[in-house]
Amino acid sequence: MRRPAALLPALTATALLLTACGTERATPGNTDAPVSVPSSRAQTDDPGMDDVRITSLTLPSTTDSTDSTVSRDSTDSEAVAAYEVTNEGTETLTYSIVITFTSSDGGAMSNRTATVRDVRPGKTVRGTVRAEELPPGAPRVTRAKVLRVSKVPAREAPAEPGTCPTSGIRVSADQGDAAMGLRVVGLHLDNCGTRDYTVEGYPLLELLDGDLEPVHGIKILHGSGDITTGVGPDEQPRPVTLEPGESATAGLVWRNTTGSGTSVNVPHVRIRAKPGADPVTVTPHLDLGTTGKLGVKPWTKTEP
C-alpha cells in the first residue's frame, strides 16, 4: 500500500491511481445486515452519489475543527468515515466505492476504496472506512465525501480474493499503470478449480457505460502494436492450458490522447476468458480520449 503524499492529485486523476490508495470491505457474511455505528457519530452534509452516502465522520480528538457535525474520538489516530449503500435498482449489485478524506481547504488527503457485495434490491448495507496514516506535518483531515461509485451485477462481479467461483476460474483486473498518456491494465485468469482449463487467443471484451449498456464506436484491436511499442512485443496467440493453481495474463492497452471530437470514457468491461465462459465485469475506467481504439493482448501463461 502506498503512503499518500501530503496532498493527492485533484479529482481529474484517473481511477487507476485513485483506487490504488487502499481498499476496505463491508463486514463479510450477510451484507444486508447493518453494521452498527456508534451513536456518538454525527451525520455529515455529504450528499452522496449513486445509492451511496457518508453518514458520519469521526476524527482524532486532536483535530482542530469547529464543525459541529463531526465527532471526535481520542482512541483513533486516523479519521473514520461511516457510509451506507441502498440498492434502489431491481437486481442484486456489488458496489465499489471510493471515499476521499479532505483537509479544511478541500485538498484530498487520503482515498479509500470499499467493496460492498451482494446488495439486494431495496436493501441497505452500512460500513466504515479508515483514512490512511498521514506523514508528519501533513494537513489534518476534516471532512469526507463519496468520490466515485461503480456498481455491477453481483453475478458478474470479480470473485473476492481468496475465494473460487463455482466455475473454478477466477478473472480479475489489476490497478493498471499510467504514464505519459499511455494506459495499461493487466487481466488475470487463475485456475482455482480442480481440472485443467484451456484458453486460446484473446479474451472476449464488451465495453459498457455507467448504466452497463454497450458502448459503440470503439475499435478493439488484437495486439498493442497499433497503440504503442512501449509495452514490449505481443506474444503470438496460442493455446494455453492451465493446471489447477496456474494462472495466465492478458492486458488492455490504450492512450487517452484527445484531439477533435468527443472524448469517450468507458467505466466497465465485460470479460469472457473464452467463448462460452461466464462473464466477469471489471471496472478499469478506460479514458480513451478521442482515439476510438483499445488494444487487447493475448492470454499467456504466468511463469512461476
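For clarity, every value in this text was computed on a predicted model and none was experimentally measured. Values below: every heavy atom of this structure, side chains too, minus hydrogens, waters and symmetry copies.
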(message) Tell me if a side-chain donor or acceptor on Lys301 pairs with a main-chain N or O of Glu246 at a distance below 3.5 Å.
(response) no

(request) Working to the nearest 0.5 Å, report the span between OG1 of Thr128 and CZ of Arg112. (result) 10.5 Å

(request) To the nearest 0.5 Å, tell me how far Ser110 OG sits from Leu134 CG. (result) 6.5 Å

(request) Taking only Lys NZ, Arg NE, NH1 and NH2, and the carboxylate oxygens of Asp or Glu, determine whether Asp278 and Arg272 approach each other closer than 4.0 Å. (result) no

(message) Out of the candidates Thr283, Thr281, Asp211, only one should pair with His268 under the side-chain hydrogen bond (donor to acceptor under 3.5 Å, both in side chains) rule; please name it.
(response) Thr283

(request) Taking Asp174 for its side chain and Gly186 for its backbone only, find out whether a donor-acceptor pair lies under 3.5 Å. (result) yes

(request) Mind checking side-chain hydrogen bond (donor to acceptor under 3.5 Å, both in side chains) for Thr86 and listing every partner two or more places apart, or none if nothing turns up? (result) Thr124

Donor-acceptor pairs under 3.5 Å, side chain of residues 194-206 to any protein atom, not counting sequence neighbours: which ones?
from	atom 1	to	atom 2	distance (Å)
Thr198	OG1	Thr241	OG1	2.8
Glu206	OE1	Arg270	NH1	3.1

(request) With sequence neighbours excluded, tell me which residues meet side-chain hydrogen bond (donor to acceptor under 3.5 Å, both in side chains) with Arg155. (result) Glu91

(request) Please check if the side chain of Asp209 supplies one atom and the backbone of Val215 the other of a donor-acceptor pair under 3.5 Å. (result) no

(request) Please round to the nearest 0.5 Å and tell me the distance separating atom OG of Ser56 and atom CD of Glu84. (result) 10.0 Å

(message) Using a 3.5 Å distance criterion without hydrogens, assess whether the side chain of Arg126 forms a donor-acceptor pair with backbone atoms of Ala82.
(response) no

(request) Report the distance from atom CG of Asp50 to atom CD1 of Ile97, rounding to the nearest 0.5 Å. (result) 10.5 Å

(message) So, taking the atom named CG in Asp190 and the one named OG in Ser172, what distance separates them when rounded to the nearest 0.5 Å?
(response) 6.0 Å

(message) For the backbone of Leu242 and the side chain of Asn191, can you confirm whether one donor and one acceptor N or O come within less than 3.5 Å of each other?
(response) yes

(request) Go through the side-chain N and O atoms of His188 and Thr302 and say whether any donor and acceptor fall under 3.5 Å apart. (result) no

